[in-house]
Amino acid sequence: MMWRMVLRRVGIGIVTLWVVSVLMFAGTEILPGDVAQIMLGQDATPENLAALRGALGLDKPAVVRYFEWLGDMARFDLGMSLAGTTGSGGGGTTIEVLIGARLQNTLLLAGVVAAISVPLSVALGLVAAMFPTSPFDRAVTFTTLCLVAVPEFFVATLLVLIFAVQLNWLPAIATMREFESVGQMLRSMALPIITLCVVLLAQMARMTRAAVLNVMSSPYIEMAILKGVPRRRIILRHALFNAIGPVVNIIALNLAYLVSGVVIVETIFAFPGLAKLMVDGVQVRDMPLVQACGMIFCATYVVLILISDIASIVSNPRLRHPR
């Protein structure tokens, strides 16, 4: 039963990637303008546009270009960028070169945020679940509820106004140049890190508390309470292990957001990450670059959700030891 469910999840993930590839290609096709028009400018003649589109392969039918692109993606060949280094014009640059450094920056940002927000949010959720209706629990619940309702761009703008404009403590632009120390690098990335930590911390702490409290309503937990087992031991020794599945799902969803949903944060702070590269690709209509970034985001999301589903299945004793 367990392996059937795992294989089913893998199959659903593959179908999801294919559906997203269709939607991604169709969505980029309906965008107005193309890279040839942007490269040649408004004064370009129809003959020049037709010649450049033919050289770039844009004159082929959309169905033919889709299956060619899908075959390249299946071979992990991201292809060539039509606009070269985004914004500078001139093709001939591979998408792997453009994505390489940007992906490292995004993964670095996501790693730092995850290292801070995941343990802190799980700890806050557990402590709040240990003492429900206590002042600490009420404070955590109220604070996380307020932060969940605040969008990322508002948090980012507020942090810039306070720490960059008023106090002049941190830079408003998160540049990734050569740093002399780790502290200097973290100072440059401080504002996007704080923004993402605030957003993720509120979501994960609130959902972790809810997952643990949901397990606490189980009959075996009520029996342990009636026997006089301390609440702290019940949560740490019994409830936590049975809440691992939902907690892992929460963490996986938020980690997927870190890689694929940081477009607003990277744009506000001009952080040279993968999301910012995708936005730049849309501006110059470099569709192969946009499609490659979109598929990387989707594949990351699907893989993390697949890992969380498998962890939930494996952590369920009824599936590990079917009768």
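Positions are given from 1 along the sequence.
Side-chain heavy atoms closer than 4.5 Å link hydrophobic residues (I, L, V, M, F, W, Y) into clusters, and following such links, possibly through other members, connects V20 to V15. By the criterion of side-chain heavy atoms lying less than 4.5 angstrom apart, applied directly or through intervening Ile, Leu, Val, Met, Phe, Trp or Tyr residues, V148 is not grouped with V122; the two fall into different hydrophobic clusters. In the hydrophobic cluster analysis, where Ile, Leu, Val, Met, Phe, Trp and Tyr join through side-chain heavy atoms closer than 4.5 angstrom, V229 is grouped apart from L226. Placement of F25 and V63 within a single hydrophobic cluster is found when ILVMFWY residues are connected by side-chain heavy-atom separations under 4.5 Å, directly or transitively. Residues L306 and L7 are members of separate hydrophobic clusters, defined by side-chain heavy-atom contacts under 4.5 angstrom among Ile, Leu, Val, Met, Phe, Trp and Tyr.
Looking at T195, I173, I264, L109 one by one, the single match for side chain to side chain contact (heavy atoms under 4.5 Å, CB included) with F269 turns out to be T195. Considering L147, V118, T144, L124 as possible partners of L201, the one that fulfils the side chain to side chain contact (heavy atoms under 4.5 Å, CB included) test is L124. Screening L107, L196, I193 for a side chain to side chain contact (heavy atoms under 4.5 Å, CB included) with V112, the sole residue that qualifies is I193.
For Y220, the OH atom is densely surrounded, since the number of other residues' heavy atoms within 6.0 Å is greater than 12. Annotation for F67: atom CZ does not count as buried by contact number, only 12 or fewer foreign heavy atoms lying within 6.0 Å.
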| field | Chi angles and distances behind the side chain to side chain contact (heavy atoms under 4.5 Å, CB included) call for M24, F297 | value | CA-CA 11 Å; M24 177 72 64; F297 290 150; over 6 Å; no
| query | What do the steps show when you test F153 against I268 for side chain to side chain contact (heavy atoms under 4.5 Å, CB included), and what is the final call? | reply | CA-CA 8 Å; F153 70 86; I268 290 177; 3.7 Å; yes
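Side-chain contact between V265 and F271 is absent, with no heavy atoms from C-beta onward closer than 4.5 Å. M204 places a side-chain heavy atom less than 4.5 Å from the side chain of I251. Residues S21 and M295 have side chains in contact (heavy-atom distance under 4.5 Å, counting atoms from C-beta outward). Residues I194 and V155 fail the side-chain proximity criterion, which asks for heavy atoms closer than 4.5 Å. F131 places none of its side-chain heavy atoms less than 4.5 Å from the side chain of F136.
Annotation for V290 and V282: closest pair CG2-N, 3.5 Å, computed over non-hydrogen atoms. In this structure, L108 and M185 approach most closely via the heavy-atom pair CD2-SD, 3.8 Å. A129 and L213 make their closest contact through O-CD2, 3.8 Å (heavy atoms, listed as atom of the first residue, atom of the second, distance). Listed here is the closest heavy atom pair of S188 and P171: CA-CG, 3.9 Å. Pairing each heavy atom of A172 with each of L191, the nearest pair is CA-CD1, 4.1 Å. Counting all heavy atoms, side chain and backbone alike, R102 lies closest to G273 at NH1-O, 3.3 Å.
Taking CD1 of I296 as the reference point, atom CD1 of I99 lies at 4.0 Å (rounded to 0.5 Å). Distance OH/Y66 to CE/M73: 10.5 Å, rounded to 0.5 Å. Note that OG1 of T157 and CD1 of I162 are 11.0 Å apart. Values are rounded to the nearest 0.5 Å. Summarising the geometry, atom CG belonging to L103 is positioned 9.0 Å from atom SG belonging to C293; distances are rounded to the nearest 0.5 Å. Of the inter-residue distances, the one linking T94 atom OG1 with L289 atom CG reads 11.0 Å to the nearest 0.5 angstrom. The distance from the CE atom of M189 to the CG atom of L170 is 12.5 Å, given to the nearest 0.5 Å.
In this structure, the side chain of N214 does not engage the main chain of A210 through any donor-acceptor pair within 3.5 Å. Side-chain N or O atoms of T141 include none that pairs as donor or acceptor with a backbone N or O of R138 at under 3.5 Å.
Taking the six-membered ring where tryptophan is involved, the planes of F163 and W169 are tilted, since the angle between them lies from 30° to 60°.
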